[in-house]
Each structure stands twice: as C-alpha cells, then as structure tokens.
Amino acid sequence: MFKSGTEMKVLMINTVELGKNGISACILNYSEILRNDGVIVDIAAPNIVEDAIRDRVQKCKAALYEIPFRNSTPLLYWNELRKIIKEEKYDIVHVHGNSATMTVELSSAFVSGCKIRIAHSHNTTCEHQKAHRILLPFFKFFCTQGAACGNKAGEWLFKNKNFKVIRNGIDIDKYSYSYKKRKICRDKYRIAQEAIVIGHVGIFNYQKNHEFLVKIISGLQKYSDAYRLLLVGDGELRTNVEQLAKELHVRDKIVFAGNEENVNESLSAMDMFVMPSRFEGLPFVLVEAQASGLPCIVSSAVTTEADLTGLVSYIDGFDENVWIESIMKSPYGHDVMKDEKLRNCLREKGYDIQFNGRMLRDFYTACIENELE
C-alpha cells in the first residue's frame, strides 16, 4: 500500500476497446497529464491496440496490458487482470465504463488486494441492461469510490451514492478553428470548399445511430446538392451504413474517413456537428466540437450538461423531417470572432485538461489518505 512521500501507482482499465473513442481519449489524456505530475499510470485494454495508440502510451512511459478476452472469455480476462494487479501492487485501480459490468474488473482488483477501486461512469445508460441489473449489488460491494464525466452519468450508475465529477478535459487550444486545416482536410477528401459539411465523429455502433445520419443526408439532397456528410470513425456497423448509403443513392455525398489521428483537423473541415445518439452521456467529442466553434445538433439522449457554450441544440425523437428542418434553419460554419470567448468559456466550466488532471491527482491523494486513516 501507498506510503507517504512515494509515487502513487495507478492502473487505468478500459472496458471498451482502447482506440479512437471518447473513453480511450479520456484515459490517454489523463495518463499523460498524471505522469507529468509524478503519478505512475499503467493501462489495461480488452483488445490488441493499434500502433499509433501503443506509441502514445509508450511516450508517457506507461505499461500497456492488452488482454483481449473480456467478452469472449471473461474468466480468463478476470484472472489475467488479477495476476497483473497482484504482481504490480497498484495503489489504485481506476475502471472506466458505463455499467455494473465493471464488477468484473473491480472484483479482480478486490481479490488482488487493491484497497482503492474506482468506477468511472461515462454514460447515462448502457446496452446490456439485464447484465447491469444482475451485477449491480456486486458492483456496489466491490466499488469503493465513484467518479463520472458529468452529473447525469454519475446519477445513472451510483444513484444516491457520492461520486466525484471529473469532466473530460481537452487541450482546448488544439481544437481552435483553422482555415488551413479546413482546406487540407477538404482537399484530402475532395470536398468542395463551398460545400456545407455536416460532420460526426464516433464508433459505428447501435448507440451512435449512423443509419439515421445517412437518411438525413438523403433527405437534405431534395433541397440542396450542397450538403455533404463527413463521418470520422470506424466500427462493426460501418459496412451496414455504407450499404444503406448505396441503397439511398447518396454514397457519393458521404465521406467515410475511418479513424483519424487529428480529429481537430476534421472538425475544422465541418460546418455543423450532428449527433443523433440513441443514448449518451457527456460526449467527449461534443466538447471538442464546441471548442472548434461548431454549431451542434444532438438528440435529447445527450445530457443538457453538454451544452457548454450555447452552440448545442437538442431534438426529441428521430423524425427525419424535424432533423432536416432544424439543420436547414441552423447557422453553419465557424464563428471565428467568438473563438477566444469559446475557449475561455470551456476553461471556466472545467474542461481544461491541465486543471482537470490536477483535480484527478487530488482525488487519488484523498482516496489514499482516507484509506490510511
């Protein structure tokens, strides 16, 4: 266990693929900040990690444990985690997910003798409701502290139990609008500079609802040929979405960019950010989109906490005509005159990665001090 005057040692565990997604961005960002602040942070992931992510982990001098067995062979995954946590003697195990299925990781840490087991909620619901309900009593037993990306995400998972809100901080200046980046990105994907680009960043899965975006761009073509759709990300449903685009005869109106290293450049290329998620917490990328000055139209599944700048509009339900009308009536493009004001607003509301990194370290310290008392 932690001794005063020594570096604390933390294992962050991602319950989803460590890749191009919001939870992963949160883990990687905080790992870099914490390492610079004297905290030893290692990362465990349920997948084989791509080289770009592995390189980033190595740069912040973190150990990376790739244990790709969580869904297919959970007992093997559990046991591998147990051995790692016991051998490395972590002071804190910090699990990132969105449901009581984090019991798998928390119980492994418990058996390994780790006294501080933090569950971090990144959503306001989950896909596997039955498993969540079954595991919830065990989750409450094994979880010693709760954290969440926002109030709604914390209330969903922890109910009346106390939890610490640690917002998904970003490098705010990095996401400022750049005409140079806009031109480079549009030229790369052969998008005309005068086109109206509706954008989205996210994994192709049921939650993100990409099929609806394809239907929207199809409907918009009836009013103007200027609209284009830029989809950044990848995932298991991408092939289905591409097939739907062909069936609706809008494949040539959509750019499937795949996973992009520099999302900030893609955001500069967009004129509007649209997110029709079926369920959502406080999306990391929505903070980035606002930092870029983009007007954002999102489903009411996204927490109202996400509107940090007044740039976010909410729509109830999934009536295509309502969404199309809202998009056509919305202003589009980046208001560069408000750029500095937007950045200051995000800092004031607690989304600066440097400040939040210090907050997370203080949270860890408080957890350890309480355990030592």
Side-chain angles (χ1 to χ4, degrees), residues 16-29 50 52-53 56 122-123 149 168-172 174-178 181-182 184-186 188-189 191 196-214 216-217 227-238 241-242 245 254-299 301-303 306-309 311-313 323 327 332-334 342 346 351 353:
V16 301
E17 177 179 314
L18 187 67
K20 303 297 195 309
N21 57 66
I23 295 179
S24 297
C26 177
I27 290 173
L28 292 167
N29 285 350
E50 63 180 75
I53 299 292
R56 186 174 173 188
H122 288 269
N123 217 318
C149 65
N168 294 340
I170 65 170
D171 182 348
I172 294 172
K174 177 181 176 181
Y175 290 91
S176 297
Y177 169 75
S178 164
K181 292 176 183 176
R182 177 186 181 87
I184 289 172
C185 187
R186 288 199 173 203
K188 176 182 178 181
Y189 294 118
I191 302 173
I196 303 171
V197 177
I198 296 168
H200 181 272
V201 180
I203 299 174
F204 282 70
N205 60 14
Y206 174 80
Q207 174 187 355
K208 299 300 182 182
N209 201 11
H210 286 81
E211 297 92 341
F212 191 71
L213 286 167
V214 173
I216 287 174
I217 201 68
Y227 289 100
R228 296 292 183 271
L229 180 61
L230 174 57
L231 300 177
V232 179
D234 212 336
E236 58 184 352
L237 296 182
R238 175 172 169 172
V241 176
E242 290 195 51
I254 304 174
V255 174
F256 289 86
N259 289 327
E260 285 283 2
E261 278 298 306
N262 299 310
V263 172
N264 57 321
E265 294 181 4
S266 299
L267 291 171
S268 283
M270 299 173 189
D271 293 302
M272 185 182 302
F273 190 84
V274 180
M275 178 174 273
S277 299
R278 291 186 169 97
F279 56 91
E280 197 68 73
L282 202 162
F284 197 85
V285 72
L286 193 53
V287 179
E288 296 170 343
Q290 291 176 81
S292 187
L294 282 171
C296 306
I297 298 178
V298 305
S299 73
V302 177
T303 175
D307 185 10
L308 306 168
T309 59
L311 287 171
V312 182
S313 300
W323 282 75
I327 288 170
Y332 60 88
H334 305 255
L342 288 171
L346 290 171
Y351 286 86
I353 186 63

Student: Counting only N and O atoms by type, is there a donor-acceptor contact under 3.5 Å from the side chain of His334 to the main-chain atoms of Ala269?
Tutor: no

Student: Taking Cys149's backbone N and O only, do any of them form a donor-acceptor pair with Asn168's side chain (distance below 3.5 Å, no angle check)?
Tutor: no

Student: Residues in salt bridge (charged side-chain N to carboxylate O under 4.0 Å, His left out) with Lys188, at least two apart?
Tutor: Glu260

Student: Quick one, Glu242 and Leu237 - any side-chain contact, counting heavy atoms below 4.5 Å?
Tutor: no

Student: For the backbone of Ser292 and the side chain of Ser176, can you confirm whether one donor and one acceptor N or O come within less than 3.5 Å of each other?
Tutor: no

Student: Keeping the roles fixed (side chain from Thr309, backbone from Leu342), state whether a donor-acceptor pair exists under 3.5 Å.
Tutor: no

Student: I'd like to know if the side chain of Arg228 and the backbone of Ile254 have a donor-acceptor N/O pair within less than 3.5 Å.
Tutor: no

Student: Tell me, please, which residues at least two apart from Lys20 pass salt bridge (charged side-chain N to carboxylate O under 4.0 Å, His left out).
Tutor: Glu50, Glu261

Student: Side chains of Leu18 and Ile53, heavy atoms from C-beta outward: is any pair under 4.5 Å?
Tutor: yes

Student: Can you pull out every salt bridge (Lys or Arg N to Asp or Glu O under 4.0 Å) where at least one residue sits in residues 284-296? Sequence neighbours excluded, please.
Tutor: none

Student: If you define the side chain from C-beta out and look only at heavy atoms, does anything of Phe273 sit under 4.5 Å from Leu286?
Tutor: yes

Student: What residues, two or more places apart in sequence or in another chain, satisfy salt bridge (charged side-chain N to carboxylate O under 4.0 Å, His left out) together with Glu280?
Tutor: Lys208

Student: Quick one: does Ser299's side chain have a donor or acceptor within less than 3.5 Å of a partner on Ser277's backbone?
Tutor: yes

Student: As an exercise, state the distance from CG of Leu308 to CG of Leu346, rounded to the nearest 0.5 Å.
Tutor: 6.0 Å

Student: Hey, what do you get for CG (Leu294) to CE (Met272), rounding to the nearest 0.5 Å?
Tutor: 9.0 Å

Student: Without swapping roles, check the side chain of Gln207 against the backbone of Phe279 for a donor-acceptor pair under 3.5 Å.
Tutor: yes

Student: Quick check for you: to the nearest 0.5 Å, what is the distance between Leu267 atom CG and Ser178 atom OG?
Tutor: 12.0 Å

Student: I'd like to know if the side chain of His200 and the backbone of His210 have a donor-acceptor N/O pair within less than 3.5 Å.
Tutor: no

Student: Look at Arg182 together with Asp271 and state whether they make a salt bridge at an N to O cut-off of under 4.0 Å.
Tutor: yes

Student: Going by the side chain to side chain contact (heavy atoms under 4.5 Å, CB included) test, name the single residue among Ile198, Val201, Ile196 that passes it with Met270.
Tutor: Val201

Student: Could you tell me which non-hydrogen atom of Gln290 sits nearest to which non-hydrogen atom of Ala306, and how far apart they are?
Tutor: NE2-O, 2.8 Å

Student: To the nearest 0.5 Å, tell me how far Ile23 CD1 sits from Leu28 CG.
Tutor: 12.0 Å

Student: For Phe212, what residues pass the ring-ring contact (aromatic ring centres under 6.0 Å, His included) criterion, not counting sequence neighbours?
Tutor: Phe318, Trp323

Student: Indicate yes or no for a side-chain donor-acceptor contact from Asn262 to the backbone of Glu265 under 3.5 Å, with no hydrogens or angles considered.
Tutor: no

Student: Could I get the full list of salt bridge (charged side-chain N to carboxylate O under 4.0 Å, His left out) partners for Asp234, not counting sequence neighbours?
Tutor: Arg238

